[in-house]
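Each remark here refers to the structure printed beneath this line.
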Amino acid sequence: MICIPITAKTNDEAINDLREASRFADIVELRIDYIKEPDLNALLKSKTKPVIVTNRSLRQGGLFEGDEIDRMDLLKKAINLKAEFVDVEYDCLGKIADKGVSKIIASYHDFSKTPDDLPGIHASIVKSGADIVKIVTFATDIRDNFKMFELLKATGFPTIAFCMGELGQISRILTTKFGGRLTFASLGKGKESAPGQLTIDDCKNVYRISKLNEDTDIYGLLGDPVSHSMGPHIHNASFDAVGINAVYVPFKVEAVSSFLEMSKKLDIKGLSVTIPHKETSVNFLDNIDVIAKNIGAVNTIVNRNGKLTGHNTDCPAAINSLSLTIINAVISGALKMAKIEPSPTGGSLPTLKDRKVVILGAGGAARAIAFGIKDKGASITIVNRVHQRAENLAAEAGCQSLKMHKIHKCEIDVLINTTSVGMHPEIDESPVPSYILKKGMVVFDIVYNPPETKLLKEARERGCIVLNGVKMFVKQAAMQFELFTGQRAPVKLMEDIIRKRING
Ligand code: ATR
């Protein structure tokens, strides 16, 4: 169930928000501590959904400034008015002599951490006579969420449990899968009642929280940062379109090895891997496919019966979209034919053979592309800000490296940017000076947001053949989806979602 807290500061605004929230929520929470003089009669009369009445003190992170007797009197009044639920801090339960027909949610909050002994805390609240236990803590580590899930799995008692803060967001999404009675979502941005609260729009339309249940399979994105990723938008919509009971969430992770261990325990079925974990993850997997092994970087991890296998869909996705661009450019006459390559279907493909390719960057994406292009017979030069990394990658991939300040001396047929330079929000930057961009050069920027980076704009203006990262991103995600689920990905839907979100 989804509960929307009403955090309006006046009775009139609260009545408006109650009406609005009732359109989307299963239940609403009336935060009367936010209102200076709450008119409980009027407020409760205007509700159309079951309500939780909460009057949180400053001590427990609320806004009620009056004395304790007044605070409890308001809660008793809510009970007299037959509010369905009343939230009482677990250590104040003794102050409620008669709970009438209301159910008491006994709540425990920790705004700085997630204690280890959640089962002990839970047991003592159950003993105190609660109808429903609510435990809300602050996540300082992604693993704190797992403590909540273990607690929920182990108890049969009606419980609301999740973590606050950015790192706790996944517990707000996944709590209902593990038996949590409800999650809280704000009516909109700026109307949150606690840190890390998702909007009702994200809960309903991105994560489809109302549809999650104990059979829902968990997938996600492993990286740091993860908050701006398109992954949750495309994978969740794709699960829905294909009719798979699964959810995809962002995991903001610093320590890969302990997270992957826990992911097995939670039976997380698959992970996309992004910056900065594509290379380090390789060390903590049970198996790794040939492409990913050669590259030394994974962007996809699949859990098959408790064994983690790494794959790399960046490589085929990049080569595929680049090859198609070159083929189209040759067909349209914009690009001269290089050497003819025999195609698997018996014809011939003018793609990358013998072309002079410069790759900007030496991270995971550069590795994937360098190894993929090498197989196509191109001549590759790696150029990177930290030259030592370019040298290392060049040595491994059997190609050349060049210092950044010498790039103007290089003959270039195809220039590929794999760095994050020019990516949102630093959209006014380009990884290379525009004078090196020559008419007829193919310029591929794997950045997809914005769809036209400064590099691509300058390249287009100078007569280059340009390709952005949208097709590559969609292709790698589609291949990932197919590895995750064994089902064909709804590619058109994925591309539409990306283009809509980046206005491309
Ligand atoms: P990914 O796995 O996506 O390739 P990564 O491994 O973190 O990500 O690599 C990021 C690449 O972008 C690196 O080549 C990095 O250059 P350094 O090795 O010199 O750090 C490059 N990069 C990131 N920010 C950059 C910037 N402001 N200027 C130039 N290169 C940058």
Side-chain angles (χ1 to χ4, degrees), residues 221-231 250-254 256 271-285 288 291-292 294-301 310-319 321-322 357-373 380-397 399-407 415-434 436 444-450 453-455 458 468-470 472-473 475-477 480:
L221 171 67
L222 164 60
D224 186 9
V226 289
S227 58
H228 291 99
S229 167
M230 304 272 176
F251 294 108
K252 184 171 186 281
V253 173
E254 275 178 31
V256 178
L271 292 162
S272 314
V273 186
T274 188
I275 292 172
H277 299 316
K278 285 182 179 176
E279 287 159 78
T280 37
S281 297
V282 169
N283 304 317
F284 308 110
L285 303 175
I288 179 158
I291 297 179
N294 283 339
I295 296 166
V298 296
N299 77 332
T300 309
I301 297 173
H311 303 267
N312 195 311
T313 67
D314 281 337
C315 173
I319 306 310
S321 50
L322 182 57
V357 178
V358 168
I359 298 177
L360 303 171
R367 293 184 76 82
I369 293 176
F371 280 89
I373 290 183
I380 306 169
T381 304
I382 313 280
V383 180
N384 191 48
R385 178 177 57 178
V386 176
H387 182 62
Q388 186 60 49
R389 289 189 79 195
E391 278 190 351
N392 295 349
L393 175 54
E396 283 180 62
C399 57
Q400 305 160 53
S401 63
L402 187 76
K403 289 196 171 144
M404 186 62 98
H405 67 269
K406 291 190 178 160
I407 195 168
L415 178 72
I416 305 173
N417 175 42
T418 73
T419 77
S420 48
V421 180
M423 189 193 286
H424 186 81
E426 262 98 51
I427 56 169
D428 293 327
E429 287 174 27
S430 170
V432 288
S434 61
I436 71 154
F444 175 23
D445 196 336
I446 71 164
V447 171
Y448 61 85
N449 189 12
T453 55
K454 186 175 181 200
L455 169 66
E458 289 174 345
N468 69 16
V470 173
M472 172 183 163
F473 183 73
K475 182 89 189 150
Q476 64 77 30
Q480 205 162 63

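All ligand and atom numbering here is 1-based and tracks the order in the structure. We use all heavy atoms of the structure for the numbers below, so side chains are in, but hydrogens, waters and symmetry mates are not.
The side-chain heavy atoms of Pro431 and Leu455, taken from C-beta on, include a pair separated by under 4.5 Å. Within the 4.5 Å cutoff, no side-chain heavy atoms of Lys252 are placed close to those of Ser227. Looking only at side-chain heavy atoms (C-beta outward), Ser229 and Thr274 stay at 4.5 Å or farther from each other.
Using a cut-off of 4.0 Å between Lys/Arg side-chain N and Asp/Glu carboxylate O, Lys278 and Asp314 are scored as salt-bridged.
Summarising the geometry of Val447 relative to Met423, their closest heavy-atom pair is CG1-CA, 3.8 Å, with the distance given to 0.1 Å. Across every non-hydrogen atom of Ile407 and Ile436, the tightest pair is CD1-CD1, 4.0 Å. Of all heavy-atom pairs between Ser281 and Ile301, the closest is CB-CD1, 4.3 Å.
Protein heavy atoms are found less than 4.0 angstrom from atom 31 (C) of ligand 1.
For ligand 1, the polar-atom distance check finds an N/O of Arg385 within less than 3.5 Å of one of the ligand's N/O atoms. Geometrically, ligand 1 and Ala366 share no nitrogen or oxygen pair separated by less than 3.5 Å. Taking distance alone, with nitrogen or oxygen atoms compared against 3.5 Å, Ala362 approaches ligand 1 more closely than that limit. Taking distance alone, with nitrogen or oxygen atoms compared against 3.5 Å, Ala365 approaches ligand 1 more closely than that limit.
Counting heavy atoms closer than 4.0 Å to ligand 1, residue Val421 contributes side-chain atoms (C-beta onward) but none from N, CA, C or O.
Taking atom 16 (O) of ligand 1 as the reference point, the nearest protein heavy-atom neighbour is Asn384 OD1, 3.2 Å. The nearest protein atom to atom 13 (C) of ligand 1, hydrogens excluded, is given as Arg389 NH1, 3.7 Å; this is a heavy-atom distance. Protein heavy atom at the shortest distance from atom 2 (O) of ligand 1 is Gly364 N, 3.2 Å. Nearest protein heavy-atom contact of atom 23 (C) of ligand 1 is Ser420 OG, 3.5 Å. Given atom 19 (O) of ligand 1, the protein heavy atom at minimum distance is Val386 N, 2.9 Å. The nearest protein atom to atom 5 (P) of ligand 1, hydrogens excluded, is given as Gly363 CA, 4.0 Å; this is a heavy-atom distance.
For ligand 1 and Gly361, the ligand atoms under 4.0 Å from any heavy atom of the residue are 14 (O). Applying the 4.0 Å criterion to heavy atoms of Lys278 picks out, from ligand 1, the atoms 2 (O).
Ligand 1 lies out of reach of Pro431, whose nearest heavy atom is not under 4.0 Å from it.
Using modelled atom types, one finds a donor on one side chain and an acceptor on the other under 3.5 Å when comparing Gln480 with Thr300.
Among the candidates Ile446, Val421, Val432, the single residue satisfying the side-chain contact (heavy atoms from CB on, under 4.5 Å) test with Leu360 is Val432.
Of the possible polar contacts, one joining the Asn312 side chain to the Cys315 backbone as a donor-acceptor pair under 3.5 Å is found.
Evaluated by nearest non-hydrogen atom to atom 8 (O) of ligand 1, the leading choice among Ile275, Val273, Asp314 is Ile275.
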